[in-house]
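Read through the structure below, which is laid out as structure tokens, and then see the notes.
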Amino acid sequence: MQTVAREGKLSPAGRVAFLSRTEIIAAAHRLNSKSLSDAENKKLFGKCNQSHGHNYTVMVTVRGEINPISGMFMNIYTLQEHMQEAIMKPLDHKNLDQDVAYFADVVSTTENLAVYIWESLQKCLPAGCLYKVKVYESDKNFIVYKGG
Ligand SMILES: CC(=O)C(=O)[C@H]1CNc2nc(N)[nH]c(=O)c2N1
Ligand SMILES: O=P(O)(O)OP(=O)(O)OP(=O)(O)O
Ligand SMILES: [Zn+2]
């Protein structure tokens, strides 16, 4: 279906684009499960059973139809604002296990951090537009979570 504005040609409706933004959060954590004994935690998590920190790189990808009038489906600054509220404010320069209630009983693995970020963003983004959360714990280690 063609949509033509008063001036200029417009892209046909129905084109889906994927918009991504990254932010870096510095956070401390300790891999420790309350369901395991101290000895089991030490055996399973090794040195990560001790408090340490990471500079996590978080990449959020949203998707939507390109608006034929504006040429976008979401202003990047809107995504930035949502990431500020859902990610930076609750997580940056925090101790995940002590300062974030979600991790009181959830092991602060990168997998669970990605789930937390997904669920936090779902509350503020339009339904269905969140596509992917990718979290790098280091240059080499990263997790991708797409919901479900
Ligand atoms: C390295 C670290 O500092 C960690 O905290 C690592 C240790 N291993 C590991 N394995 C996973 N599947 N997920 C993690 O988040 C993780 N953290
Ligand atoms: O996320 P997709 O499906 O676009 O695929 P990709 O670019 O391989 O990304 P990833 O491996 O991070 O899911
Ligand atoms: Zn770690």
Side-chain angles (χ1 to χ4, degrees), residues 1 10-148:
M1 177 195 72
L10 296 167
S11 61
R15 285 181 170 158
V16 174
F18 294 77
L19 170 67
S20 296
R21 179 177 174 84
T22 60
E23 293 285 0
I24 294 175
I25 53 173
H29 83 133
R30 173 185 181 227
L31 293 188
N32 193 75
S33 171
K34 290 181 177 174
S35 307
L36 302 173
S37 68
D38 289 350
E40 288 167 330
N41 273 303
K42 281 187 178 58
K43 186 167 187 294
L44 178 61
F45 298 119
K47 64 182 180 181
C48 300
N49 184 231
Q50 297 168 46
S51 280
H52 60 284
H54 299 286
N55 291 317
Y56 295 93
T57 296
V58 178
M59 185 180 83
V60 172
T61 303
V62 294
R63 69 181 152 205
E65 277 191 25
I66 300 171
N67 181 305
I69 305 283
S70 67
M72 59 184 177
F73 75 90
M74 180 184 289
N75 191 318
I76 191 78
Y77 291 117
T78 302
L79 179 57
Q80 179 185 17
E81 288 162 8
H82 288 317
M83 290 177 72
Q84 186 62 29
E85 285 303 309
I87 301 171
M88 304 308 291
K89 242 168 127 177
L91 300 174
D92 189 37
H93 282 77
K94 296 289 192 304
N95 181 311
L96 301 181
D97 312 303
Q98 295 168 11
D99 302 330
V100 185
Y102 181 87
F103 291 108
D105 298 314
V106 171
V107 181
S108 53
T109 57
T110 311
E111 290 90 332
N112 285 332
L113 182 58
V115 171
Y116 170 90
I117 291 168
W118 176 278
E119 292 177 356
S120 191
L121 283 169
Q122 282 283 55
K123 294 172 190 162
C124 52
L125 285 171
C129 86
L130 183 56
Y131 174 72
K132 172 167 69 170
V133 171
K134 192 171 198 174
V135 184
Y136 288 81
E137 182 183 77
S138 68
D139 292 344
K140 294 181 180 178
N141 305 329
F142 64 90
I143 294 291
V144 173
Y145 182 67
K146 297 181 177 176

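Just so you know, ligand 1 is whichever comes first in the structure, and atom 1 is the first atom listed for that ligand. In what follows, residues are counted from 1 in the order of the sequence shown. Atom set for the values below is all heavy atoms of this structure, side chains included, hydrogens, waters and symmetry mates excluded.
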- Heavy-atom check, side chain of Leu91 versus side chain of Leu113, under 4.5 Å: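 In contact.
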- Message: Counting C-beta onward and ignoring hydrogens, is there a side-chain heavy-atom pair between Val135 and Ile117 closer than 4.5 Å?
- Response: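 Result yes, sub-4.5 Å side-chain heavy-atom pair found.
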- Task: Say whether, by atom type as modelled, one donor and one acceptor occur between the side chain of Asn112 and the main chain of Ser108 under 3.5 angstrom.
- Result: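 No.
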- Message: Tell me whether Lys134 contacts the main-chain N or O of Thr22 through its side chain, where contact means a donor paired with an acceptor under 3.5 Å.
- Response: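 No.
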- Specify whether an N/O/S atom of His52 falls short of 2.8 Å from the Zn ion (ligand 3).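 True for His52.
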Answer yes or no: does atom [atom1] of [X] have more than 12 heavy-atom neighbours from other residues, nucleotides or ligands under 6.0 Å?
X	atom1	answer
Leu44	CG	yes
Asp38	CG	no
Gln122	CD	yes

- How far apart are the closest heavy atoms of Leu121 and His82, and which atoms are they?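 Closest pair (atom of Leu121, atom of His82, distance): CD2-O, 4.1 Å.
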- Message: Show, in sequence, the C-alpha distance, side-chain angles and deciding distance for Arg63 and Lys132, and conclude whether the side-chain contact (heavy atoms from CB on, under 4.5 Å) test is met.
- Response: CA-CA 9 Å; Arg63 69 181 152 205; Lys132 172 167 69 170; over 6 Å; no
- Query: Quick one: does Phe18 get within less than 4.0 Å of ligand 2, heavy atoms only?
  - Reply: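 Distance cut 4.0 Å: Phe18 fails for ligand 2.
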Within-cut-off N or O pair, [X] and ligand 1, under 3.5 Å:
X	result
Glu137	yes
Asn141	no
His29	yes

- Message: Can you tell me how the ring of Tyr56 sits relative to the ring of His29, calling it parallel under 30°, perpendicular over 60° and tilted otherwise?
- Response: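 Answer is perpendicular, since the angle exceeds 60°.
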Which atoms of ligand 1 have any heavy atom of [X] under 4.0 Å away?
X	answer
Thr110	14 (C), 15 (O)
Cys48	1 (C), 2 (C), 3 (O), 4 (C), 5 (O), 7 (C)
His52	2 (C), 3 (O), 5 (O)
His54	2 (C), 3 (O), 5 (O)
Glu111	11 (C), 12 (N), 13 (N), 14 (C), 15 (O)

- Can you name the one residue among Tyr131, Tyr145, Tyr102 that meets ring pair (Phe, Tyr, Trp, His ring centres under 6.0 Å) with Trp118?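 When ring pair (Phe, Tyr, Trp, His ring centres under 6.0 Å) is applied between Trp118 and each of Tyr131, Tyr145, Tyr102, only Tyr145 qualifies.
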Atoms of ligand 2 less than 4.0 Å from [X] heavy atoms?
X	answer
Lys134	12 (O)
Lys146	1 (O), 2 (P), 3 (O), 13 (O)
Val144	12 (O), 13 (O)

- Item | Per-residue contact class, Leu31 against ligand 1 - non-hydrogen pairs under 4.0 Å |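 Side chain only.
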- Query: Does atom 3 (O) of ligand 2 have any protein heavy atom closer than 4.0 Å?
  - Reply: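 Looking at atom 3 (O) of ligand 2, one finds that a protein heavy atom does lie closer than 4.0 Å.
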- Query: For atom 12 (N) of ligand 1, is the nearest protein heavy atom under 4.0 Å away?
  - Reply: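 It does: a protein heavy atom is found less than 4.0 Å away from atom 12 (N) of ligand 1.
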- What protein heavy atom is closest to atom 6 (P) of ligand 2, reported as residue, atom name and distance in Å?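 In this structure, atom 6 (P) of ligand 2 has Lys132 NZ, 4.1 Å as its nearest protein heavy atom.
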- Message: With a 4.0 Å cut-off on heavy atoms, is Lys47 in contact with ligand 1?
- Response: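 The answer is no: ligand 1 sits nowhere under 4.0 Å from a heavy atom of Lys47.
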